[in-house]
Amino acid sequence: ARLDLQTDSHHRFWQTIESDGRFRLYNQTTGSEQLTVLSNGNVGISEASPDTQLHISNADDVYITLESTDTGTAEEVAIKYQNFSTASNFWWSGLNQSADWSLAYGTSFSGSNTKMIVKTDAKFGIGTTDISHQFQLHNPSGNGSQMNFTDNTTTSTDGSGLRVGYNGTYGQVYLFENSYLRFGTN
């Protein structure tokens, strides 16, 4: 079955193809399939044979734009991810009612669920949205906040590599590898 739409300079048609059940929007003028829906539900944009649920292809750069057009409120613009292991929670990635990019985990995309944020002024925070320095690491659920650096010569377990941070009482720089700790200048 086919429905033709034509003007003086453009010719497109919607079509269901009997042999494979594919539904498509075809641009007869340019000779290209613009939208395809396979019988298994896979959708292709500029892709006649989509091999995933959404497949976008183009010879040039490919972008996806998510945009809130509300002119009075900074609405949420995000992608959320869920699988069996997240239960009723989601991972949220996007703009959480501001221009800053956030990564959150929970049942909603709220400030209290934010795990990481990148501000428009290039400040970066983990565990906090209240960033006072270029990089801020905050432990919202306990005492102390520490970073551990390891590589392929150490293990990645606690007590390996170099630890830098605050343990709830004092600051620390601790090298677990029985080697030199260097401080230097030019």
Side-chain angles (χ1 to χ4, degrees), residues 1-129 131 134-138 140 150-152 156:
R2 175 173 155 163
L3 172 65
D4 280 272
L5 305 169
Q6 186 171 356
T7 65
D8 290 338
S9 57
H10 298 284
H11 181 196
R12 291 185 173 85
F13 58 83
W14 292 96
Q15 179 181 36
T16 300
I17 299 173
E18 184 65 37
S19 61
D20 61 10
R22 177 173 35 136
F23 176 76
R24 70 181 182 166
L25 171 61
Y26 190 84
N27 186 333
Q28 186 75 32
T29 306
T30 62
S32 63
E33 198 154 325
Q34 295 179 316
L35 178 70
T36 303
V37 181
L38 298 182
S39 59
N40 66 2
N42 288 1
V43 175
I45 298 174
S46 297
E47 176 59 50
S49 301
D51 57 6
T52 58
Q53 285 86 3
L54 177 61
H55 187 156
I56 303 170
S57 72
N58 195 321
D60 298 322
D61 297 331
V62 177
Y63 302 101
I64 296 175
T65 301
L66 304 177
E67 178 180 8
S68 169
T69 58
D70 191 308
T71 59
T73 304
E75 297 292 345
E76 294 173 357
V77 179
I79 297 174
K80 64 182 187 177
Y81 307 88
Q82 183 185 38
N83 66 16
F84 175 78
S85 63
T86 64
S88 61
N89 293 312
F90 297 90
W91 276 104
W92 306 78
S93 172
L95 308 179
N96 188 0
Q97 299 180 345
S98 74
D100 304 323
W101 179 85
S102 297
L103 180 66
Y105 182 74
T107 57
S108 65
F109 196 22
S110 65
S112 63
N113 291 337
T114 298
K115 306 303 179 197
M116 183 172 66
I117 189 167
V118 180
K119 300 279 193 171
T120 57
D121 60 1
K123 290 181 179 175
F124 180 80
I126 296 176
T128 183
T129 58
I131 304 171
Q134 207 61 34
F135 173 73
Q136 186 141 355
L137 181 62
H138 177 75
T150 58
D151 66 15
N152 65 347
S156 59

Got Ile126 and Phe135 here, is their nearest side-chain heavy-atom distance under 4.5 Å? yes

Check whether any side-chain heavy atom of Thr120 lies under 4.5 Å from a side-chain heavy atom of Asp100, and answer yes or no. yes

Check whether any side-chain heavy atom of Trp92 sits under 4.5 Å from a side-chain heavy atom of Thr114, and report yes or no. no

Apply the side chain to side chain donor-acceptor pair (under 3.5 Å) test between Arg12 and each candidate in Gln28, Gln34, Gln6; give the one that qualifies. Gln34

Suppose we screen for ring pair (Phe, Tyr, Trp, His ring centres under 6.0 Å). Which residues come up paired with Trp101, at least two apart in sequence or across chains? none

Treating Thr29 as the side-chain partner and His11 as the backbone partner, does any N or O pair qualify as donor plus acceptor under 3.5 Å? yes

When rounded to the nearest 0.5 angstrom, what distance separates CG in Leu25 from CG in Leu5? 8.0 Å

Taking the side chain as everything from C-beta on, heavy atoms only, tell me whether Val77 gets closer than 4.5 Å to Phe109. no

What are the two closest non-hydrogen atoms of Ala74 and Ser98, and how far apart are they? CB-N, 4.1 Å

Quick one, Val118 and Leu103 - any side-chain contact, counting heavy atoms below 4.5 Å? no

I need the Ile79 CD1 to Ser93 OG distance, nearest 0.5 Å. 6.0 Å

CG/Leu3: more than 12 non-hydrogen atoms of other groups inside 6.0 Å: yes

Partner of Tyr105 under ring-ring contact (aromatic ring centres under 6.0 Å, His included), chosen from Trp91, Phe90, Tyr81: Trp91

Give a yes or no answer on whether the side chain of Glu33 reaches the backbone of Ser46 with a donor-acceptor pair at less than 3.5 Å. no

Would you indicate whether the side-chain heavy atoms of Val43 and Pro50 approach each other to under 4.5 Å? no

Going from OG on Ser49 to CG on Asn42, what distance comes out if it is rounded to the nearest 0.5 angstrom? 10.5 Å

Judged by modelled atom types alone, do Ser68 and Asp70 share a side-chain donor-acceptor pair under 3.5 Å? no

Side-chain donor/acceptor of Asn113 to backbone N/O of Ser108, under 3.5 Å: yes

Report the distance from atom CD of Glu75 to atom CG of Leu95, rounding to the nearest 0.5 Å. 11.5 Å

Can you find a heavy atom in the side chain of Thr36 that is under 4.5 Å from one in the side chain of Arg22? yes

Heavy-atom donor-acceptor pair, Gln134 side chain to Ala122 backbone, under 3.5 Å: yes

Can you list the steps and then say if Asn58 with Ile45 is a side-chain contact (heavy atoms from CB on, under 4.5 Å)? CA-CA 9 Å; Asn58 195 321; Ile45 298 174; over 6 Å; no

NE2 on His10 to OG1 on Thr30, rounded to 0.5 Å: 10.0 Å

Tell me the closest heavy-atom pair linking Ile117 and Thr128, and the distance in Å. CG2-O, 3.5 Å

Ignoring hydrogens, what is the shortest heavy-atom contact between Thr16 and Phe23? Give both atom names and the distance. OG1-CD1, 3.5 Å

For a quick test of reading the model, state the closest non-hydrogen atom pair linking Glu47 to Ser57 and the distance between them. OE1-OG, 3.0 Å

